[in-house]
Number of protein chains: 2
Amino acid sequence: MEQRIDRIKKQLHSQSYKLTPQREATVRVLLEHEKDHLSAEDVYLLVKEKAPEIGLATVYRTLELLNELEVVDKINFGDGVSRYDLRKEGAEHFHHHLVCMECGAVDEIQEDLLGDVEKIVEKEWNFKIKDHRLTFHGICHRCQEKPAKKKEKVNPTQ
Amino acid sequence: MEQRIDRIKKQLHSQSYKLTPQREATVRVLLEHEKDHLSAEDVYLLVKEKAPEIGLATVYRTLELLNELEVVDKINFGDGVSRYDLRKEGAEHFHHHLVCMECGAVDEIQEDLLGDVEKIVEKEWNFKIKDHRLTFHGICHRCQEKPAKKKEKVNPTQ
DNA sequence: ATGTCTGCAAAGTGTTTGCAAAACA
DNA sequence: TGTTTTGCAAACACTTTGCAGACAT
């Protein structure tokens, strides 16, 4: 935890940004919720618990900054909100997501399953791949077990 | 063209919706711009050329309806706008996209490259896949040929 | 007549920006 | 001191909604 903060601090400094208390609080929230896919508002509310004086705009600006530094990835599951996902250190490929259409849960797949596909795309389409986004929409293992109850359909809207 | 309109008409009727002139004009615009990835506003402006009295809200409502009927797919490349992509008839899998970070062009891959990957995900993660979204961000073949000139970086922001 | 659909304007939502004050180097 | 960062409020961009009138069956 502290080491990761430290590394992010250095990364900021290397571009002459500062790790202000507000930014640190934001980063901490992200670290403590690595598994969730928080929206800016979510982050704001969580940061506010520790540092009530922070403003929403600051959170947005911090998240934007972290996105530029590639500390976080900004993702969008099509529900109209941007979510922010901490990059695994050293991960050169963005991980994949499983979005449950029943309960809305978002699980992550850390393994890179696209190696072969990317080779094909680079060769056949002559496209130099820098990054990818892969999301599956379907029913998660938890909901498959549950006896199907009345469900509000969640559209794979994105 | 006329056949496709006709089929969409039947699909609407089967759910007791009507293919009103406004809806038809909207569908025609989509058919005429199948390769583009139009935003609601884009569609609105194009429809307006033929049917100037149409309202933006109607276009939104029509696109929403077409999305529910799975005539179009609503997609989001992370630039804050929803785009609408006509489904290929009979295509059960959503096609993939190549987004160029240099010129912003969006190309499509119709082939389904994810068959094997989906098998793995269904088995290993016990996730019942209904749909997927796969987008590659990188440099398109056109920009690779161009002598690299001053480029505005387009973030894989989504 | 009954219900669907439309256009307009207003409201909503998530995000960004302008600015003066505060913090920092 | 000069630069960066912050909080607030206002501005923004895209999308949705309420409603009265138009249309269709």
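Residue numbers start from 1 in every chain, and the chains themselves are labelled A, B, ... in the order their sequence lines are given, proteins ahead of strands.
Atom-to-atom, CD of A:Glu64 to P of D:dT5 comes out at 14 Å; the value is rounded to the nearest Å. Note: CZ (B:Arg23) to P (C:dT4) measures 11 Å, nearest angstrom. Note: CG (B:Asn76) to P (D:dC14) measures 12 Å, nearest angstrom. Atom CD1 of B:Ile54 and atom C1' of D:dA22 are 15 Å apart (whole Å). Straight-line distance from the CD atom of A:Glu24 to the P atom of D:dT5: 15 Å, rounded to whole Å. In this structure, A:Lys74 atom NZ and C:dG14 atom P are separated by 14 Å, rounded to whole Å. Here D:dT15 presents its P atom at 10 Å from CG of B:Leu63, a figure rounded to the nearest Å. Atom CD in A:Gln15 sits about 12 Å away from atom P in D:dT5, given to the nearest Å.
Using a 4.0 Å cut-off, some side-chain N or O of B:Gln22 falls inside it from OP1 or OP2 of C:dG7.
Minimum interatomic distance between A:Leu114 and B:Phe136 (heavy atoms only, all atoms of both residues): CD1-CE2, 4.3 Å.
When hydrophobic clusters are built by joining Ile, Leu, Val, Met, Phe, Trp and Tyr residues whose side-chain heavy atoms come closer than 4.5 Å, directly or via intermediates, B:Ile139 is not grouped with B:Ile109.
Proximity of a side-chain donor or acceptor of B:Gln22 to a complementary backbone N or O of B:Thr58 within less than 3.5 Å is not detected. The backbone N or O of B:Lys35 lies less than 3.5 Å from no partner atom in the side chain of B:Glu108, so there is not a single donor-acceptor pair. In this structure, the side chain of A:Glu122 engages the main chain of A:Ile129 through a donor-acceptor pair within 3.5 Å.
With sequence neighbours left out, A:Ala40 forms a side chain to side chain contact (heavy atoms under 4.5 Å, CB included) with A:Tyr60, A:Leu63, A:Tyr84. With sequence neighbours excluded, the residues forming a side chain to side chain donor-acceptor pair (under 3.5 Å) with B:Ser39 are B:Asp42, listed by chain and number.
The stretch residues 15-24 of chain A participates, sequence neighbours left out, in these salt bridge (Lys or Arg N to Asp or Glu O under 4.0 Å) pairs: A:Glu24-A:Arg28.
Residue order along DNA chain D, read from the 5' end via each residue's closest nucleotide, puts A:Leu65 first among A:Leu56 and A:Leu65.
A:Lys9 and A:Asp6 are not joined by a salt bridge, as no carboxylate oxygen comes within less than 4.0 angstrom of a charged side-chain nitrogen.
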| said: Applying salt bridge (charged side-chain N to carboxylate O under 4.0 Å, His left out) to B:Glu102 and A:Lys128, what does each step give before you reach the verdict? | reply: CA-CA 11 Å; B:Glu102 193 146 321; A:Lys128 188 92 207 67; over 6 Å; no
Could you go over nucleotides 17-19 of chain C and give all protein N or O partners under 3.5 Å, atom names and distances?
{"unit_1": "C:dG18", "atom_1": "O6", "unit_2": "A:Arg61", "atom_2": "NH1", "d": "3.4"}

| query | How does protein contact run along nucleotides 20-25 of chain C, one letter per nucleotide 5' to 3', with B for base contact, S for sugar-phosphate only, - for none, heavy atoms under 4.0 Å? | reply | -----S
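If you check every strand for non-hydrogen atoms under 4.0 Å, A:Glu41 touches nothing. In this structure, B:Ser39 reaches neither bases nor backbone, as no heavy-atom distance under 4.0 Å exists between it and the strands shown.
Atom NE2 of B:His141 and atom CD of B:Gln144 lie 9.0 Å apart (nearest 0.5 Å).
Between A:His37 and A:His97, the ring-plane angle classifies as perpendicular under the 30° and 60° cut-offs.
For DNA chain C, no neighbouring residue in residues 27-38 of chain B is found when judged by any heavy atom under 4.0 Å.
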